[in-house]
Peer 1: 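For reference, the structure I am asking about is given below.
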Amino acid sequence: MKDHLIVFDTTLRDGEQSPGASMTRDEKLRIARQLERMRVDVIEAGFPAASNGDFESVRAIAEAIRESTVCGLARANEADIRRAGEAIAPAARGRIHTFIATSPIHMEMKLRMTPDQVVEQAVRAVGWAKEYTDDIEFSAEDAGRSEIDFLCRIFEAVIKAGAKTINVPDTVGYNVPEQYAQTIRTLIERVPDADKVVWSVHCHNDLGLAVANSLAAVMAGARQVECTLNGLGERAGNAALEELVMAVRTRQDVFPCDTRIDATQIVPASKLVSGVTGFPVQPNKAIVGANAFAHESGIHQDGVLKHRETYEIMRAEDVGWGANKLVLGKHSGRNAFRSRLQEIGIVVASEEHLNHAFARFKELADKKHEIFDEDIQALMSDEVVTPDQEHYRLVASRFHSETGETPRADLTLSVDGQETRTSAEGSGPVDAAFKAIEAIAGSGTELLLYSVNAITTGTDAQGEVTVRLAREGKVVNGQGADTDIIVASAKAYLNALNKLHSKFERLNPQL
């Protein structure tokens, strides 16, 4: 029998820490349901002590998810752990993941604590967590730069205190595979009762080695990998779930373990996360990139036509490619639309929101003959389906672009329920649209990113636009989808402004 390799997904916690990748509670719920459908073992739903919004998201996921373990992150202090314990209380299976830094530089410069104090605090943290659950994970932050003797000491102490999973994170992506594997091997050999816990790894991708380090650790005895969809995460990101899962599954001749992941759900999950966060997947990304199973070379094409395995080590359909089947059209009714939403894991908060979403679906169906799951995902990712959260809304638009003439945008916007007309010229129709919006909003934001991707194939495909805006240290992504790229661009810009308005309104209610 192969060992079970536990997949611990932290897209909703570490992944969300990518600048601009913040998600609403409903968006997190949709991703959590997709992770459960994919049979992820542990879903790290968030950091409950970080904010009331994070607490509510973790609690909502704990209430909704029945098959996967729902985990909340907490620093090694009593307030954080009690907040995490309250958040995961409704879960069928709940875990508290607590951590404290263990590298000399972190203990001295950040914590201002001695090694003895760090060990004592870690033990106390596990004790507080035991009041809420028996499933406790302990992480030694910056373990990749920690002294091996001290790691052995603190891990022995927290195992005695009741920790069931021991995580050895390469927090800053500093390790290389051979070195990291040796660290895991040494810890398993030296720590008393090492065989009574699950050894886990959490690798960052600063040197592009997150997946390689994680796989090396698995070969050395680790049996939990912490990862994110599309490798999303702070700085250069985390180990990519799809790459870890398919590497282990494809090379069963090498790995002594396997995951329980339903790999056919990988591509739908990747597309969902990309759509929700606004972080497009690069075409040459392994497993989930658009070119992952494409062959340009004539020699490769000839080989694949004669026998697929000459140049393909995986089947595209095994990871979910080719699953964007036609689902609905202009004659589809409201019940069919509701049923399809449920099938792809989208739960609508109220009848009012369903009616609003269905009206937008009908508008899309009039423009686009064939509507795929991806189209519906994009439609539901647009926060226009939650009108109560809108401050700015596009009511009508007209664009003029002609060779030799200056492009112009004429827009009608709803600002807090009041309609206002605005016009502007620009270097192109998109530039004109953004300037017209800013003539009303006066947001003072900086445009960091403008990106366009086709959601499906065909000349009538919707374009999905991502806009990233920054203001006073706050970074948000806005998304908009439409068969007209200029309209999609205006929607994306307004979507980002709505998110910024919501953030600053919470901080300064008189705005």
Side-chain angles (χ1 to χ4, degrees), residues 11-31 46-47 50-57 228-230 232-237 272-281 377-394 411 413-416 430-431 433-453 463-482 487-509 511:
T11 303
L12 298 175
R13 199 277 301 170
D14 207 333
E16 196 196 20
Q17 291 176 205
S18 298
S22 60
M23 311 170 206
T24 66
R25 190 187 78 159
D26 288 345
E27 288 169 340
K28 288 184 177 182
L29 269 170
R30 287 170 54 201
I31 292 172
F47 193 166
S51 68
N52 288 334
D54 229 27
F55 175 87
E56 294 299 333
S57 293
T228 61
L229 286 160
N230 301 337
L232 196 66
E234 286 199 271
R235 304 183 311 279
L272 175 59
V273 168
S274 177
V276 165
T277 61
F279 282 59
V281 175
Q377 295 277 16
L379 182 148
M380 299 303 291
S381 291
D382 188 341
E383 287 190 356
V384 173
V385 299
T386 53
D388 53 306
Q389 296 177 3
E390 285 185 291
H391 182 70
Y392 301 103
R393 181 170 61 86
L394 180 65
L411 306 178
L413 303 180
S414 172
V415 183
D416 209 14
V430 172
D431 183 49
F434 289 178
K435 286 178 177 175
I437 292 169
E438 279 299 330
I440 297 294
S443 68
T445 58
E446 179 186 1
L447 178 64
L448 302 180
L449 172 74
Y450 173 79
S451 172
V452 182
N453 291 283
E464 187 170 53
V465 174
T466 299
V467 167
R468 186 174 301 158
L469 300 179
R471 175 185 164 195
E472 297 177 23
K474 301 289 183 183
V475 180
V476 296
N477 283 341
Q479 291 86 42
D482 199 277
V487 173
S489 301
K491 286 180 177 179
Y493 198 93
L494 291 168
N495 183 243
L497 287 181
N498 281 328
K499 290 181 179 180
L500 270 178
H501 182 268
S502 177
K503 283 178 181 288
F504 281 100
E505 191 175 51
R506 285 197 297 268
L507 293 172
N508 193 4
L511 289 178

Peer 1: Heavy-atom distance under 4.5 Å between the side chains of Leu447 and Leu469, does that happen here?
Peer 2: yes
Peer 1: Could you check whether any side-chain heavy atom of Leu394 comes within less than 4.5 Å of a side-chain heavy atom of Leu413, counting everything from C-beta outward?
Peer 2: yes
Peer 1: Do side-chain atoms of Glu16 reach the backbone of Met23 as a donor and acceptor pair under 3.5 angstrom?
Peer 2: yes
Peer 1: For Gly480 and Ala492, work out which heavy atoms get closest and say how close.
Peer 2: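 Looking at all heavy atoms of both residues, the closest pair is N-CB, 3.5 Å.
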Peer 1: So His501 and His391, would you call those rings parallel, tilted or perpendicular, with 30° and 60° as cut-offs?
Peer 2: parallel
Peer 1: Quick one: list whatever passes side chain to side chain donor-acceptor pair (under 3.5 Å) with Glu438, sequence neighbours left out.
Peer 2: Ser443, Tyr493
Peer 1: Can you name the side chain to side chain donor-acceptor pair (under 3.5 Å) partners of Asn477, sequence neighbours left out?
Peer 2: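 Partners of Asn477 by the side chain to side chain donor-acceptor pair (under 3.5 Å) criterion, ordered by chain and then number, come out as Arg468.
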Peer 1: I need the Leu411 CG to Leu494 CG distance, nearest 0.5 Å.
Peer 2: 8.0 Å
Peer 1: Before you tell me yes or no, could you show the steps for Leu232 and Phe279 under side chain to side chain contact (heavy atoms under 4.5 Å, CB included), namely the whole-Å CA-CA distance, both residues' side-chain angles and the distance that decides it to 0.1 Å?
Peer 2: CA-CA 8 Å; Leu232 196 66; Phe279 282 59; 3.8 Å; yes
Peer 1: I need the minimum non-hydrogen distance between Val430 and Ser489, along with the two atoms involved.
Peer 2: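 Closest approach of Val430 to Ser489, heavy atoms only: CG2-OG, 3.8 Å.
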Peer 1: Take Ile437 and Tyr392 through the side chain to side chain contact (heavy atoms under 4.5 Å, CB included) test and state the conclusion after the steps.
Peer 2: CA-CA 9 Å; Ile437 292 169; Tyr392 301 103; 6.0 Å; no
Peer 1: Step by step, would you call Asp431 with Lys435 a salt bridge (charged side-chain N to carboxylate O under 4.0 Å, His left out)?
Peer 2: CA-CA 6 Å; Asp431 183 49; Lys435 286 178 177 175; 3.2 Å; yes
Peer 1: Quick one: closest heavy-atom pair of Asn230 and Ser274, and the distance?
Peer 2: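 The answer is ND2-N, 4.0 Å.
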Peer 1: Minimum heavy-atom separation for Asp482 and Lys491, please, with both atom names.
Peer 2: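 Answer, listing the atom of Asp482 first, then Lys491: OD2-NZ, 3.2 Å.
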Peer 1: Any sub-3.5 Å donor-acceptor pair from Asp14's side-chain atoms to Gly233's backbone N or O?
Peer 2: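 Side chain of Asp14 to backbone of Gly233, a donor-acceptor pair under 3.5 Å: no, none is there.
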Peer 1: Using the test salt bridge (charged side-chain N to carboxylate O under 4.0 Å, His left out), find all partners of Asp54 that sit at least two apart in sequence or belong to another chain.
Peer 2: Lys28
Peer 1: With sequence neighbours left out, what residues match Thr466 under side chain to side chain donor-acceptor pair (under 3.5 Å)?
Peer 2: none
Peer 1: Closest heavy-atom contact between Gly15 and Thr228?
Peer 2: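 Shortest heavy-atom contact: N-CG2, 4.2 Å.
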Peer 1: Please name all residues satisfying side chain to side chain donor-acceptor pair (under 3.5 Å) with Gln17, sequence neighbours left out, ordered by chain then number.
Peer 2: Arg13, Glu234
Peer 1: How close do Gly463 and Ala488 get, heavy atom to heavy atom, and via which atoms?
Peer 2: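 So the minimum-distance heavy-atom pair works out to O-CB, 3.6 Å.
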Peer 1: I'd like to check Leu12 versus Ile31 (side-chain heavy atoms, cut-off strictly below 4.5 Å). Are they in contact?
Peer 2: yes
